[in-house]
Amino acid sequence: MSNDKFSYRKHVWQQFKKNRPALFAFRFIMVMLAVALFANIIANDKPLYCKYKGSTYFPAFREYAVDLGIVQWPQDLLNLSWKMEEYDGVVWAPVPYGASEFDFMNDKYRSPFDEQDIQSTRWHHWLGTDEQGRDVLSGVIHGTQTAFMVGFVSVAITLLIGVFLGAVAGYYGDHDLKISRVRFWLNFIFLPIAFFYGFQLRSYIISDAFAESAYFGFGQIFFSFFLFLVVLFVLNVLLWPLKKIPFLGTKVSLPVDLLINRVIEVVVSVPGLILIMAVVAVIAKPSIFVVMILIGLMGWTGIARFVRAEMLRVKKMEFMEAAKAFAYSDFRSIVKHALPNCMTPVFIAAAFGIAGAILTESTLSFLGIGVAPEDVTWGSLLNAGRSNQHAHWLILTPGIAIFIVVTFFNLIGEGLTDALDPRQKK
Amino acid sequence: MLKYILKRILFFIPTLLVVSLLTFALGVNSPGDPVEVLMDNSESAKFADQTSRRADYMKMRKKLNLDLPVFYFGVSSIAEPDTLYKIPEKLHRENLERFISMYGNWPQVSLYYTQVKALESAVSGMVVTDSLKDQLIKVRLLISELYYKYDPSVVKSKHEQLSDCFHVLHPEHNYMKELTTSYAAMVDGATVWKNYFPSFHWYGFNNQYHIWIVNLFKGDFGISYYKKQPVIDMISGRMLPTLLFSVLSVLIAFLVSIPLGVHSAVNKGTAKDKFYTIALFVFYSLPSFWVATLLINYLTNAEYLDWFPVKGLEDAADDASFGDRMLNYLHHMILPLFCYTYASFAFISRQMRGSMLQTLGQDYIRTAWAKGLAPKQVYWKHAVRNSLLPIITLVASIFPSLIAGSVVIEYLFTLPGMGRLAYEAEVSKDYPVIYIIMLFSAVLTLVGYLVADILYAVVDPRISYNKK
């Protein structure tokens, strides 16, 4: 193999493509991702385009911007019942129903095969309705959005924490992170002080933000964490004159590996579902957002362990010796040289992690824990089907959707495992 | 070896302590006032006179040890007095903390608080004519609202409403004067800067956490908010079904999946292996709550197939013979046990296959073949023993997922287990029960890991634990 032409990424993709089921799964997931992204356009009770009282609107598109908080609905559109209005021209979404829109003409579990009270086939409920007349197809499409968001957001959190802690534990071990004695002992005092300024001082800001929405709450917690780090950093900078004193300045090693392993043990010991149940019970306003973040906070241990193990292997390689010889900073050695070589198991774990996160979320919303009653997710659809044993369309479709997504992400994980296996390199 | 095991057990203790701290912290921060919840809330007790109600409150508070500081030490701002925990009512305490964080002057805050209380006691002894009764009730309501209002504009408007009411009740008497002056003193004399300086308090061993954890070891897990009975009584009955199902399902999973994994690995690449692999993969990805819903819907239903009972563990007649009773149990257990088992079974089989494939590539297996051993001996005597090693550790990792899975399965099949208790407690906001279940499952998991580690150390002669 000529070195300049060889691209690892290309090679992995070549290997991955050989695995037909995994490739199929990957393509299908891409399609579902598109469905998730364009859910508001595919299924919506608002028109895609309409000419209303002389002005032109694109309400389904506008909904994205409204959801993101960029714009508001104009006053005359705010409480409009879209289906009832007369338009000069109108284009409805392919599935002309919202996920939580009640079709009172077709409520009480209307089967897709039964006669429906509709104007034309255009308005047929292709997957039937639930008790309140909500369109199941629209629910499944919008559920895709929730599922993918849960999967990606929680795995992103998982990766952030897992890679960081795993890399630190693996790179430094128990003996290689040396700090001066004074720093070691004084930080026992600094930590509570930083906690005081970061969290305790802002406790009312945080709790008030949570009362408003989980979104703001976590934003405030994130800011508090940032403050915590800043205070810790400033205090540590201030103590540097003390390091000059011989006894206080003696280096002692910080057993980071041991500490991080203990943290992993604690997190692993509590079954994720039960911890999420316990935490959600305390939170006044449950939302999918809280569940997402909690799944992310619980799920990083596997990735941390993998990265740690890889780091132990990579640390001993020659190029790391070279980095040391060049006197590169630890940060540069880790981020630029060691980590890129540790990522193999991370990708695999991420694929499996998305499957697991979606499964956990759907379990919770199936039980009705942690989701607001108006949220439509695959789990809540399935739960709605439980109360009517004849509503097979409500029991089968969301279940199949969950099954497909979980299976396909697992298949991608399998495919990645094979493709990234160095023994397969030619 | 012994040293390794001892070390492992030593590490077990701090982990457990951290988990207990986590549980306790969640409990302390749960909404609502536990004293109010656990007090005698019958109609007669609720409308008894204020003094006896208050005495009841104090008694219950003492019983729950809530009159003690929360933890061994505390970090607060210098504005906050270290004896704030002595204020009995949780709502009042929270509101005072608000005031402190807003104004930072505890003496004035406490003065305002005593004024509110003085007003309350002045009003409680007040006797009025029937025509003014409504006014009096309104006054009492307004005063009780003052205990948990902190927003300046809201407090101001409450004060104004109060003084309007008093004007009707006792035009000549100025009840409100001291209250408003103390409030003005608090707002005007604010020393917010005090909030920015941390102070450290040591409270000693007589604190809530200490007593809580000591009681845990004594078997006292607190009192359920919902059933008003000791949590231990609720949990102890529920442990058995969950443990029974978990252990049975792990046993079945191992008994089936080890031969299956070996068989699949030995016949690698054949149609049989491919079929197994796909089937196991599908099983592994099937969400158990969906499978359980489908089974309940189509196999326990008179309209489709009525093969199994839907609910509970047994419904045998009282005079049924022992054999019949056992059969009845078994009949009830088949579906839930299947749901419990299939995922872990698929997981273990896949791991076993992988582990077996790895072992089969080893040199000593080639040697075994070269010696002319029969395939049976090579596979079952030489290969399986070594492939089993990584599987042992799986037992530990399966336990947490089994406990988590029990929530859904026991909920769907209405089995009287811990998982269903967790669900019921969640729905009824029965915090003590949720947190104890969380602690319990953590302890079970940790013990699982401990046993797996020790087993691993005992079984695998290649691993030396004395070296670093």
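Worth saying up front: this structure is predicted, and the values here are computed from it rather than measured. Chain naming here is simple, since letters A, B, ... match the order of the sequence lines and numbering starts at 1 in each.
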Colleague: So which part of A:Val263 gets closer than 4.5 Å to some heavy atom of chain B, the side chain, the backbone, both or neither?
Modeller: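 Contact with chain B: none, neither part.
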Colleague: Using a cut-off of under 4.5 Å for heavy-atom pairs, which of B:Pro287, B:Pro14, B:Ser30, B:Gly419 has the most such pairs with chain A?
Modeller: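 Option with the top pair count is B:Pro287.
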Colleague: Just wondering, do A:Tyr204 and B:Met102 contact through their side chains at under 4.5 Å, heavy atoms?
Modeller: no
Colleague: Do you know the tightest heavy-atom contact between B:Thr445 and A:Ser269?
Modeller: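 For B:Thr445 versus A:Ser269, the nearest heavy atoms are OG1-O, 3.1 Å.
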Colleague: Please rank B:Val291, B:Leu22, B:Leu26 by heavy-atom pairs under 4.5 Å with chain A and give me the top one.
Modeller: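 Ranked by contacts with chain A, first place is B:Leu26.
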Colleague: Using heavy-atom distances under 4.5 Å, tell me whether B:Thr293 contacts chain A through its side chain, its backbone, both, or neither.
Modeller: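 Side chain only.
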Colleague: Please round to the nearest 0.5 Å and tell me the distance separating atom CD1 of A:Ile395 and atom CG of B:Leu294.
Modeller: 7.0 Å
Colleague: Side chain, backbone, both or neither: which part of A:Phe403 has a heavy atom under 4.5 Å from chain B?
Modeller: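 Interface part for A:Phe403: both.
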Colleague: Count the heavy-atom pairs under 4.5 Å between each of A:Thr360, A:Ile369, A:Val405, A:Leu258 and chain B, then report the option with the highest count.
Modeller: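 When all of A:Thr360, A:Ile369, A:Val405, A:Leu258 are compared, A:Ile369 has the most.
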Colleague: Is there a side-chain contact between B:Phe289 and A:Asn383 in this structure, where contact means two heavy atoms from C-beta onward sitting under 4.5 Å apart?
Modeller: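 Of all side-chain heavy-atom pairs linking A:Asn383 with B:Phe289, none is under 4.5 Å.
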Colleague: Taking B:Trp290 for its side chain and A:Pro398 for its backbone only, find out whether a donor-acceptor pair lies under 3.5 Å.
Modeller: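 Not confirmed, B:Trp290 side chain does not pair with A:Pro398 backbone.
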Colleague: Among B:Val19, B:Val407, B:Thr23, B:Ile403, which residue forms the greatest number of heavy-atom pairs with chain A at distances under 4.5 Å?
Modeller: B:Val407
Colleague: Which one wins on heavy-atom pair count under 4.5 Å against chain A: B:Ala422, B:Ala404, B:Ala425, B:Pro198?
Modeller: B:Pro198
Colleague: In terms of heavy-atom pairs under 4.5 Å, which option from B:Tyr423, B:Tyr435, B:Phe11 contacts chain A the most?
Modeller: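 Top option by heavy-atom pairs under 4.5 Å: B:Phe11.
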Colleague: Say you draw a straight line from CZ of B:Arg98 to OG of A:Ser203; how long is it, rounded to the nearest 0.5 Å?
Modeller: 8.0 Å
Colleague: For the OH atom of B:Tyr196 and the OH atom of A:Tyr197, what is their distance to the nearest 0.5 Å?
Modeller: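 Output value for this atom pair is 10.0 Å.
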Colleague: Should we count CZ of A:Phe306 as having more than 12 external heavy atoms under 6.0 Å?
Modeller: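 12 or below, so no.
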Colleague: For chain A, find its close neighbours in residues 70-80 of chain B: heavy-atom separation under 4.5 Å, sorted by number, or none.
Modeller: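 Contacts with chain A: B:Val75, B:Ser76, B:Ser77.
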Colleague: With respect to chain A, which residue among B:Ile434, B:Val427, B:Thr15 yields the maximal number of heavy-atom pairs within a distance under 4.5 Å?
Modeller: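 Answer, by heavy-atom pair count under 4.5 Å with chain A: B:Thr15.
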Colleague: With only heavy atoms counted, which part of A:Asp174 is less than 4.5 Å from chain B, the side chain, the backbone, both or neither?
Modeller: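 Neither part; nothing is under 4.5 Å.
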Colleague: As an exercise, state the distance from OG of B:Ser101 to CD1 of A:Ile205, rounded to the nearest 0.5 Å.
Modeller: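 So the gap between those two atoms works out to 9.0 Å.
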Colleague: Is it the case that atom CZ in A:Phe199 sees more than 12 heavy atoms from other parts of the structure closer than 6.0 Å?
Modeller: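 Counting other residues, nucleotides and ligands, CZ of A:Phe199 exceeds 12 neighbours.
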Colleague: In terms of heavy-atom pairs under 4.5 Å, which option from A:Ile404, A:Val406, A:Thr363 contacts chain B the most?
Modeller: A:Thr363
Colleague: Please classify the contact between B:Val282 and chain A as side chain, backbone, both or neither, with a heavy-atom cut-off of under 4.5 Å.
Modeller: both
Colleague: Does the side-chain contact (heavy atoms from CB on, under 4.5 Å) test come out yes or no for B:Tyr411 and A:Leu367, once each step is laid out?
Modeller: CA-CA 9 Å; B:Tyr411 160 70; A:Leu367 291 171; 3.3 Å; yes
Colleague: Would you say the side chain of A:Glu265 lies within less than 4.5 Å of the side chain of B:Tyr449, judging by non-hydrogen atoms?
Modeller: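 Of all side-chain heavy-atom pairs linking A:Glu265 with B:Tyr449, none is under 4.5 Å.
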Colleague: Taking C-beta and beyond as the side chain, do B:Phe200 and A:Pro192 meet within less than 4.5 Å on heavy atoms?
Modeller: no
Colleague: Below 3.5 Å, can you tabulate the donor-acceptor pairs from side chains in residues 275-282 of chain A to any protein atom, sequence neighbours excluded?
Modeller:
none

Colleague: Run the side-chain contact (heavy atoms from CB on, under 4.5 Å) check on A:Arg386 and B:Leu412 step by step: do they pass?
Modeller: CA-CA 10 Å; A:Arg386 254 173 30 85; B:Leu412 285 172; 3.1 Å; yes
Colleague: Quick one: pull up CD in B:Glu426 and CD1 in A:Ile274 and give me the separation to the nearest 0.5 Å.
Modeller: 10.0 Å
